[in-house]
Novice: 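Structure in structure tokens, see below.
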Amino acid sequence: MIKITFPDGAVKEYQEGISAYQIAESLSPRLADDVLSSSVNGKIYDLDRPINADSTLKLHKWDDPEAKETFWHSSSHLMAEAIKALYPNVKFGIGPAIENGFYYDIDLEGKQLVEADLKAIEDKMLEFARSKEKFVRQDVSKAEALEVFSEKGETFKCELINDLQDGTISFYTNGSFTDLCRGPHLRDTSAIKAVKLLSIAGAYWRGDEHNKQLTRIYGITFPKKSMLDEYLQMLEEAKKRDHRKIGKEMELFAFSQRVGMGLPLWLPKGTDLRMRLENFLRKVQKRYGYVQVITPHIGQKDLYVTSGHWAKYGADSFRPISTPQEGEEYLLKPMNCPHHCEIYRLKPRSYRDLPLRLAEFGTVYRYEQSGELHGLTRVRSFTQDDAHLFCRQDQIKEEFCKVIDIVLYIFKTLKFEEYTAQISLRDPDNKTKYIGSDENWAKAEAAIVEAAKEKGLPTVVELGEAAFYGPKLDFMVKDALGRSWQLGTIQVDYNLPERFDLEYIGSDDKKHRPVMIHRAPFGSMERFVAVLLEHTAGRLPLWLIPEQCIVLPISEKFNDYAKKVCELLNNYEIRAFIDDRNETIGKRIRENELKHTPYILVVGEKEESAGSVSIRKQGGESLGSMTVEEFSQFIKQEVKKELE
């Protein structure tokens, strides 16, 4: 007999070799119908895989991320089976589950798929799903795996197998399709009731532009048709909220092929928006004792070799810049922290000087692959709202908690109401990805866990998601459509202070090593603005939006009065603009509605005589007439409410 411990702490005994599905059946037939995967001792297992020792068990239903991952990974195999049935000569790359759905990279050997071809693949997937095909696992040797896929001519699979260790390789078979895969998968295909293949894209094998370009097919599946309908409706709403579309309508930012891919140009209104966000954070930071610094956009390559960033990000950085001096090389900076370490080193520090909180809106550069660039969310040049706190060991938790307070204040002000704090720890089974001693990692991870607990944050723990130099707390925010975004990060770092030999003189007159906290509440200005635009559908808070109101004269005859109104409002520090184009008043109202202008002020003969404006709120609601002074006071009161 073996003992199974459930999440609520209950322990039950079962016969050795029992499966998670059989355990679910013993608890409730309804539970067995709903469960999609399981975690045994923290690792996701197939439901039919035998459990042979005392273990912890968690059963995953659809709402659990682990269940969705298993469901969508199984669906990628189902799609591959359907594609192989329709196009027998194709070769396969990889087919993982992703945040929403799955994809598979395929070598079509010269054939071009178009959107119209996807319907036939969907139909074939549903046909196989209804056949209730079992997902059957088979553990194989490396030699056997290579033999099987070599005979099939699956060169990409053979390349993957060559990178694996013998004794760790498994196949999964559904129907006539067998794939190299570590799993887990659904028990069978019948749980997949609704299928939608979303798009076709190109993808270089293993993300290397020197390799062959494959066809990537994205899809999503659900256990109910109604879920698919809801998802497709959400996608339509997401198209309306696309920050690239809204940014163009509001004239916030643009890209130019001549400037370069992934290098955003902030237009006047976008610059105003960005500066307003920066000033908002600067005021908050000042209250918490931060000091501003500015550092260069480049640094000597050796600086980043010392910090470890060259080893970590060198392959994804712009190539080193060679100077006329032989052997001298510079980099466009991939991070701000090495520069801040050098500022710390400029003079001797005492324990009385700590914590030292250095803040900078610093622009950094990463050479992202062209196929991964996406509007403002994935760029090659971005500005981090960066700060580095140098503190004593006894100050870590207090400083960490203060940073959490700043992040939560930002979320509250900008109406990000649903979030989870992800505690990102290093992978205990693969420590080679990280720098620093086990002792320092243990202290840093404990500090984050304690601070999150003290603040009562809703948390999840993710192993393997730490930065290479230390653990972190990432804030995962849900937007108005329920999509999850990573906004804001706080990291504890014992390693860079060692690499840069940072010191302070303690109260015992001895030298000590400070601890470094990295933090960026926005993350990056570009990504944050993109998420904010999509979260609000362009209806930004009144205190933040570049155009608070637009003045529309009914005809050319009232242009002078409209200009006078605009000047008065600007004098009251209201961001007012005029639209006196030679277009009908109806057309100008419609176009300014599309620009998400909060208030449209219409002026004509009646308003000029009374010294007033007729006010139309975004969405068409009429607020009647007010004097210019009354309207300015109204706006200021609305702004005050938003910032309270």
Novice: Looking at Asp316 and Arg366, is any side-chain nitrogen of the basic one under 4.0 Å from a carboxylate oxygen of the acidic one?
Specialist: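 A salt bridge is absent here (no side-chain N lies under 4.0 Å from a carboxylate O).
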
Novice: Less than 3.5 Å apart, any donor N or O on the side chain of His596 or Gln618 sitting next to an acceptor on the other?
Specialist: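 Per modelled atom types, His596 and Gln618 side chains form no pair under 3.5 Å.
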
Novice: With sequence neighbours excluded, give me every salt bridge (Lys or Arg N to Asp or Glu O under 4.0 Å) pair touching residues 369-391.
Specialist: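 Passing the test, one end in residues 369-391: Glu368-Arg378, Glu372-Arg378.
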
Novice: Take Asp272 and Arg276, measure what salt bridge (Lys or Arg N to Asp or Glu O under 4.0 Å) needs, and give me the verdict at the end.
Specialist: CA-CA 6 Å; Asp272 179 82; Arg276 208 164 292 282; 3.1 Å; yes

Novice: Could you walk me through whether Arg274 and Glu526 pass the salt bridge (Lys or Arg N to Asp or Glu O under 4.0 Å) test, one step at a time?
Specialist: CA-CA 9 Å; Arg274 178 169 153 167; Glu526 287 73 11; 3.1 Å; yes

Novice: Once you measure the plane-to-plane angle for Phe318 and Tyr365, does it fall in the parallel (<30°), tilted (30-60°) or perpendicular (>60°) bin?
Specialist: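 Phe318 and Tyr365: perpendicular rings.
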
Novice: Are Lys240 and Glu236 close enough for a salt bridge, meaning some N to O gap below 4.0 Å?
Specialist: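 No salt bridge links Lys240 with Glu236.
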
Novice: Do you see a donor-acceptor pair shorter than 3.5 Å between the side chains of Thr295 and Glu360?
Specialist: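 Yes, Glu360 and Thr295 have a side-chain donor paired with an acceptor closer than 3.5 Å.
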
Novice: Can the ring centroids of Phe71 and Phe222 be said to lie less than 6.0 angstrom from one another?
Specialist: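 Centroid separation for Phe71 and Phe222: 6.0 Å or greater.
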
Novice: Return the set of residues passing side-chain contact (heavy atoms from CB on, under 4.5 Å) with Ala97 (not counting sequence neighbours), or none when no residue passes.
Specialist: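 Checked Ala97 against side-chain contact (heavy atoms from CB on, under 4.5 Å); matches are Glu69, Trp72, His73.
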
Novice: Strictly below 4.0 Å, N to O, side chains only: are Arg590 and Glu593 in salt-bridge contact?
Specialist: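 Judged by the 4.0 Å cut-off on N to carboxylate O distance, Arg590 and Glu593 do not form a salt bridge.
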
Novice: Check Glu399, His388, Gln395 against Ile517 for a side chain to side chain contact (heavy atoms under 4.5 Å, CB included) and give me the one that passes.
Specialist: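 That would be Glu399; it is the only one of Glu399, His388, Gln395 passing the side chain to side chain contact (heavy atoms under 4.5 Å, CB included) with Ile517.
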
Novice: Between OG1 of Thr306 and CD of Gln300, what distance do you get to the nearest 0.5 Å?
Specialist: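 The distance works out to 10.0 Å.
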
Novice: For Tyr409, is the NZ or CZ atom of Arg287 found under 6.0 angstrom from the centre of its six-membered ring and inside 45 degrees of the ring axis?
Specialist: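 Satisfied, under 6.0 Å and within 45°.
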
Novice: Is there a salt bridge (Lys or Arg N to Asp or Glu O under 4.0 Å) between Asp405 and Lys455 once you walk through the steps?
Specialist: CA-CA 9 Å; Asp405 288 339; Lys455 285 295 176 182; 2.9 Å; yes

Novice: Just to verify, what does Gln213 make a side-chain contact (heavy atoms from CB on, under 4.5 Å) with, not counting sequence neighbours?
Specialist: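 Counting only residues at least two positions away or on another chain, Gln213 forms a side-chain contact (heavy atoms from CB on, under 4.5 Å) with Tyr204.
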
Novice: Would you mind checking if Lys269 and Glu547 are paired as a salt bridge, meaning a charged N to carboxylate O distance below 4.0 Å?
Specialist: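 Counted as a salt bridge, because a side-chain N and a carboxylate O are separated by less than 4.0 Å.
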
Novice: Who are the side-chain contact (heavy atoms from CB on, under 4.5 Å) partners of Lys431, not counting sequence neighbours?
Specialist: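 Arg426, Asp438.
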
Novice: Using a strict threshold of under 4.0 Å (side-chain N to carboxylate O), is an ion pair present between Glu638 and Lys641?
Specialist: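 Judged by the 4.0 Å cut-off on N to carboxylate O distance, Lys641 and Glu638 do form a salt bridge.
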
Novice: Salt-bridged, Arg483 to Glu534, with N to O below 4.0 Å?
Specialist: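 The answer is yes: the pair qualifies as a salt bridge.
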
Novice: Can Asn440 and Glu498 be counted as having a side-chain donor-acceptor contact under 3.5 angstrom?
Specialist: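 The criterion, which ignores hydrogens and geometry beyond distance, is satisfied for Glu498 and Asn440.
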
Novice: Under a 4.0 Å threshold between the charged nitrogen and the carboxylate oxygen, would Lys245 count as salt-bridged to Glu249?
Specialist: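 Salt bridge flag = yes for Lys245 with Glu249.
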
Novice: With rounding to the nearest 0.5 angstrom, report the OG1 to NZ distance, Thr536 to Lys415.
Specialist: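 The distance works out to 11.5 Å.
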
Novice: With heavy-atom distances below 4.5 Å as the criterion, would you say the side chains of His518 and Asp493 are in contact?
Specialist: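 Side-chain contact under 4.5 Å: yes.
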
Novice: Determine which pairs satisfy salt bridge (Lys or Arg N to Asp or Glu O under 4.0 Å) with at least one residue from residues 201-215, sequence neighbours left out, and list them in order.
Specialist: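 Checked against salt bridge (Lys or Arg N to Asp or Glu O under 4.0 Å) - neighbours excluded - the pairs reaching residues 201-215 are Asp107-Lys212, Glu159-Arg206, Asp163-Arg206.
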
Novice: Can you list the residues that meet the side-chain contact (heavy atoms from CB on, under 4.5 Å) rule with Val449, with sequence neighbours excluded?
Specialist: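 Val449: side-chain contact (heavy atoms from CB on, under 4.5 Å) contacts with Ile423.
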
Novice: Between Phe416 and Trp485, does the ring centroid distance fall short of 6.0 Å?
Specialist: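 No, the ring centres sit 6.0 Å or more apart.
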
Novice: Using a strict 4.0 Å threshold on nitrogen-to-oxygen distance, state whether Glu454 and Lys397 make a salt bridge.
Specialist: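 Counted as a salt bridge, because a side-chain N and a carboxylate O are separated by less than 4.0 Å.
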
Novice: Between Lys61 and Asp63, is the closest basic N to carboxylate O distance under 4.0 Å?
Specialist: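 A salt bridge is absent here (no side-chain N lies under 4.0 Å from a carboxylate O).
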
Novice: Taking the six-membered ring for Trp and the single ring otherwise, decide whether the centroids of Phe280 and Trp543 are under 6.0 Å apart.
Specialist: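 Ring centres of Trp543 and Phe280 closer than 6.0 Å.
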
